[in-house]
2 protein chains.
Amino acid sequence: MPLTTESLFRALADPTRLRCLLLMRGESELCVCELTHALGEIQPKISRHLAQLREAGIVADRRQGLWVYYRLHPELPAWALEVLRITAEGVANQAPFATDHTALREMPNRPGAVCCA
Amino acid sequence: MPLTTESLFRALADPTRLRCLLLMRGESELCVCELTHALGEIQPKISRHLAQLREAGIVADRRQGLWVYYRLHPELPAWALEVLRITAEGVANQAPFATDHTALREMPNRPGAVCCA
DNA sequence: CCCATATATATGATCAAGCGTATGTAATGC
DNA sequence: GCATTACATACGCTTGATCATATATATGGG
């Protein structure tokens, strides 16, 4: 079932989901605890929104050990990626999007960094 | 109050509103009866959605005689226009968006055409 | 097997979205 | 003033979104 405008824009309409997507767009993939830390939200809230994005076909997930990594779905249509790109540029200087990337980079003990450095 | 990602994407998430916006993007401005006819929906439904778009600052309206003409708000930020452009291209061949433009052009007695031709 | 960590889901409550029908308002012409 | 046309809004209803808290599941290490 292809991605509809309704399902994409409904996903982007919630700031929590949009923040996650814009973070994933910058990094190759992110686990739940990284997103939880970067956004400063509680884990069940992040997990529920990620489940919605997964069910809509907007993100893909991959389990590695204890961690589940999320990334933009590799088969996302080009127009959806363009919408994300335009949005990322449009909100680059706005809260809370602007601070999410720095909060992520300042996170201690990031799983990927710990085991693969 | 500037347009937020939340208010824009929430507006685009409803197919009725998105169809109206993509039609307005192609024409200079459209009155309610033109949108009602093009979409094949009842008038109060169109009117309620247009009110939401107006309150969100996404469209502007202008009364001329009996008719109220709606257009994309002239102060819409560039990134919002870009999102609309990408979306219009992405769904150009999909129902119901593809047929809306032709349904509009085949409408008899369009107000603008009647009085100004 | 038991425990700790990471993530997912269930629960119950609150709040907003969207709908069709009915009615209100605004402009025009007679 | 009255009727007509165009548009807006109120009402009652149903459905769905989001949340915080609590609990379940999964993996890896002792």
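All chains are named by letter (A, B, ...) in the order of the sequence lines, taking the proteins before the strands, and each is independently numbered beginning at 1.
- Atom-to-atom, NZ of A/K45 to C1' of C/dT7 comes out at 17 Å; the value is rounded to the nearest Å.
- Each of A/I42 and A/L39 belongs to its own hydrophobic cluster when Ile, Leu, Val, Met, Phe, Trp and Tyr are linked at side-chain heavy-atom distances under 4.5 angstrom.
- In this structure, B/C31 and A/Q52 both approach DNA chain D, and ranking their closest nucleotides by distance from the 5' end singles out B/C31.
- Between the CD atom of B/E55 and the C1' atom of D/dT9 there is a distance of 11 Å, given to the nearest Å.
- Between the C1' atom of C/dC19 and the CD1 atom of B/I42 lies a distance of 8 Å, rounded to the nearest Å.
- Note: CZ (A/R54) to C1' (C/dT9) measures 11 Å, nearest angstrom.
- Taking a cutoff of 4.0 Å between a charged side-chain nitrogen and a carboxylate oxygen, A/E41 and A/R48 do not qualify as a salt bridge.
- No donor-acceptor distance shorter than 3.5 angstrom exists from the side chain of A/R25 to the backbone of A/L81, with no hydrogens or angles considered.
- Under the 3.5 Å distance criterion, with hydrogens and angles disregarded, no donor-acceptor pair is assigned to the side chains of B/R54 and B/Q52.
- The backbone N or O of B/A11 lies less than 3.5 Å from a partner atom in the side chain of B/R17, making a donor-acceptor pair.
- Contacts with DNA chain D (heavy atom under 4.0 Å) in residues 11-18 of chain A: A/D14, A/R17, listed by number.
- Residue A/H49 places at least one side-chain N or O closer than 4.0 Å to OP1 or OP2 of D/dC19.
- Between the CD1 atom of A/I46 and the C1' atom of C/dA8 there is a distance of 13 Å, given to the nearest Å.
- If you check the side chains of A/T99 and A/T102, you find no donor sitting under 3.5 Å from an acceptor.
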Passes side chain to side chain contact (heavy atoms under 4.5 Å, CB included), B/D61 versus B/L50? Steps please. CA-CA 9 Å; B/D61 63 326; B/L50 289 173; over 6 Å; no
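- The salt bridge (Lys or Arg N to Asp or Glu O under 4.0 Å) analysis of residues 71-84 of chain B, with sequence neighbours excluded, yields the pairs B/E82-B/R85.
- The interatomic distance linking B/R62 (CZ) with D/dA6 (P) rounds to 17 Å, in whole Å.
- If you measure from atom CG of A/D61 to atom C1' of D/dT25, you get 15 Å, rounded to the nearest angstrom.
- Between D/dA8 and B/Y70, a contact under 4.0 Å exists linking OP1 or OP2 to a side-chain N or O.
- Straight-line distance from the NE2 atom of A/H37 to the P atom of C/dT7: 13 Å, rounded to whole Å.
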Protein heavy-atom contacts under 4.0 Å, written 5' to 3' over nucleotides 23-30 of chain C as B (base), S (sugar-phosphate only) or - (none), form the string ----BS--
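- With hydrogens and angles ignored, no donor-acceptor pair closer than 3.5 Å exists between the side chain of A/R10 and the base of D/dG16.
- A salt bridge between A/R105 and A/E34 is absent, with no side-chain N of the basic residue lying under 4.0 Å from a carboxylate O of the acidic one.
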